[in-house]
2 protein chains.
Amino acid sequence: MSVQERKERERASRERLIVATARELAEQQGWDAVTTRRLAERIEYSQPVLYSHFRGKREIIGAVALEGATEMAAALRAAASDADGRRARVAALAHAYLEFAERNPAVYDALFQLDGGLAFAQEDTPEPLKDAFAALLETLGEVAGEGVHPALFTELFWSALHGLATLTRAGRLLPEGAEQRLDLLVERLAVL
Amino acid sequence: MSVQERKERERASRERLIVATARELAEQQGWDAVTTRRLAERIEYSQPVLYSHFRGKREIIGAVALEGATEMAAALRAAASDADGRRARVAALAHAYLEFAERNPAVYDALFQLDGGLAFAQEDTPEPLKDAFAALLETLGEVAGEGVHPALFTELFWSALHGLATLTRAGRLLPEGAEQRLDLLVERLAVL
DNA sequence: CTCGATTGTCTAGCGGTGCTAGAATCGAGG
DNA sequence: CCTCGATTCTAGCACCGCTAGACAATCGAG
């Protein structure tokens, strides 16, 4: 049975290669440049191989998104745990969120902008996505204020962060005010 | 010279037809369905005619976006002027914004989600876009609070609305909480 | 050790996209 | 009515996501 195990290992490793290459290509040249032909060429296999791992391009985007969600959750938790006090924790969390979006634009797009075929806010939502939301909830739930449902507050705060992230990156907001907008968001929205 | 004038009128009218048809098709079947072939067929001309009016598909999206921006500005001003008192005005504005996004998803996408080749937050930003932001600023500037720059406050509030609009439509937020999230946003962010 | 079956991969191609060169057609002015 | 410039169309380019079917490599049985 060792032969079969080796094959499965190789197959799994090739799948990781596909996802990593897609992500790399997307970060370098944007998702438009991630075509099945270019991706196949980079991993040094033919196009149909991609389809033996994923149903189509959507699923590849989805795989990058899941990978990114795990990293994002970790980054958010790390930022929150490095800060002392509720105010500092919320500020650090918000800052970490926007920094992740800025440093990994392709991953952020895969998560929230493109169609990766992922379910959200439902029962069959993949674990990494739920966990990323949970990472937000852990810190933001503390500052929802009395009588306000923590999850609902988190959704609102998250929406604001998402809006800042996307509008900033699309050049819709002047970059100069970024820090002030973030301060104001934390100050006003959170009950400290 | 009347012949030439007639031709110019006809040309302008055909351009309006292109934009209106693109918008209609996008609202009906999504922007993916708006291909140059389908669009050409609907206006009963061949593809190259599109390119005698617009540089390419991007510019057509941009034209829909500008049309939408004008309408949005009007809708926001109408909602604000119908309400009495600052709190009600801000709530009405926010509600009108989200309603516009929900009822005109294709236009909203053209404005903020797709690349219509439009400049933002710059000197050469088209007038309708500046005006839509101005419509937000007129109402939101009043509730920025002391020592907070009205434009910066408006950018933040707008970001939150944009986040709510996009995440809701992408199925990332549960629709049930929409009203509560909106109330909370107005209550917390605005200084009433 | 050979041979058939199974598995894996590739070549080639389908119908679609945005966009454009050059042919064909139209219509206004002489 | 005819000419000639402006307008519109036909046909085609290179690329897209995706897949059928040919081919090669590997495995297990005799």
Side-chain angles (χ1 to χ4, degrees), chain A residues 1-19 21-23 25-26 28-65 106 109-110 114-118, chain B residues 1-19 21-23 25-26 28-65 106 109-110 114-118:
Chain A
M1 282 295 126
S2 177
V3 170
Q4 198 164 354
E5 281 172 19
R6 192 205 69 218
K7 287 201 173 183
E8 277 174 26
R9 270 204 313 276
E10 286 172 355
R11 210 184 136 71
S13 130
R14 193 172 61 178
E15 190 159 315
R16 282 195 302 275
L17 176 64
I18 292 172
V19 176
T21 306
R23 176 175 177 172
L25 192 50
Q28 284 171 358
Q29 308 178 228
W31 277 105
D32 279 353
V34 183
T35 70
T36 54
R37 281 173 179 77
R38 256 194 285 265
L39 189 49
E41 195 188 2
R42 284 227 182 175
I43 64 167
E44 296 180 308
Y45 282 94
S46 67
Q47 281 176 283
V49 167
L50 299 174
Y51 292 85
S52 76
H53 289 270
F54 302 95
R55 275 178 203 279
K57 197 183 166 178
R58 272 172 48 140
E59 271 198 8
I60 297 176
I61 295 173
V64 172
D109 282 345
L114 303 174
D115 179 11
L118 302 174
Chain B
M1 281 301 124
S2 177
V3 170
Q4 198 164 355
E5 279 173 21
R6 193 205 69 220
K7 286 202 174 181
E8 276 174 26
R9 272 202 313 275
E10 286 172 356
R11 210 183 139 71
S13 131
R14 192 172 63 181
E15 189 158 316
R16 282 195 302 274
L17 176 65
I18 293 172
V19 176
T21 306
R23 177 175 175 172
L25 191 52
Q28 283 170 359
Q29 309 180 227
W31 277 105
D32 279 354
V34 183
T35 69
T36 55
R37 279 174 180 76
R38 258 195 284 264
L39 189 49
E41 194 188 4
R42 286 227 181 175
I43 63 167
E44 296 181 309
Y45 282 94
S46 65
Q47 279 177 285
V49 166
L50 300 174
Y51 292 86
S52 76
H53 288 270
F54 302 96
R55 276 177 203 279
K57 197 182 166 178
R58 271 172 50 139
E59 271 197 7
I60 297 177
I61 296 172
V64 172
D109 281 345
L114 303 173
D115 179 11
L118 302 174

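Fair warning: this is a prediction, and the values are worked out from it, not measured in the lab. Letters go in sequence order (proteins before strands), and every chain restarts at 1.
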Between [N] atom [atom2] and [X] atom [atom1], what is the distance in whole Å?
X        : N      : atom1 : atom2 : result
A/Asp115 : D/dG17 : CG    : C1'   : 14 Å
A/Leu39  : D/dC15 : CG    : C1'   : 16 Å
A/Tyr45  : D/dA25 : OH    : P     : 14 Å
B/Leu50  : D/dT10 : CG    : P     : 14 Å
B/Glu10  : D/dA6  : CD    : P     : 17 Å

Base paired to D/dG30 (Watson-Crick or G-U; both N/O distances under 3.5 angstrom):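 Its partner is C/dC1 (Watson-Crick or G-U wobble, both distances under 3.5 Å).
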
Residue pair B/Ile60 / B/Leu39, side-chain heavy-atom distance below 4.5 Å: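 In short, these two side chains touch, coming nearer than 4.5 Å.
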
Sugar-phosphate or base contact per nucleotide [nucleotides 12-25 of chain C; S, B, -; heavy atom under 4.0 Å]: -B---BBBBB----

Give, for atom [atom1] of [X] and atom [atom2] of [Y], the distance between the pair rounded to the nearest 0.5 Å.
X        : Y       : atom1 : atom2 : value
B/Arg14  : B/Glu10 : CZ    : CD    : 9.0 Å
B/Thr21  : B/Arg42 : OG1   : CZ    : 8.0 Å
B/Asp109 : B/Trp31 : CG    : CH2   : 9.0 Å

Heavy-atom neighbours of B/Gln29 CD exceed 12 at 6.0 Å: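 Enclosed.
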
Sugar-phosphate only, base, or nothing, as touched by B/Arg11 at under 4.0 Å among non-hydrogen atoms: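 Nothing: the residue B/Arg11, judged by heavy atoms under 4.0 Å, touches no strand.
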
Residue pairs involving residues 45-63 of chain A (criterion salt bridge (Lys or Arg N to Asp or Glu O under 4.0 Å); sequence neighbours excluded):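 Listed by first then second residue: A/Arg55-A/Glu59, A/Arg58-A/Asp115.
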
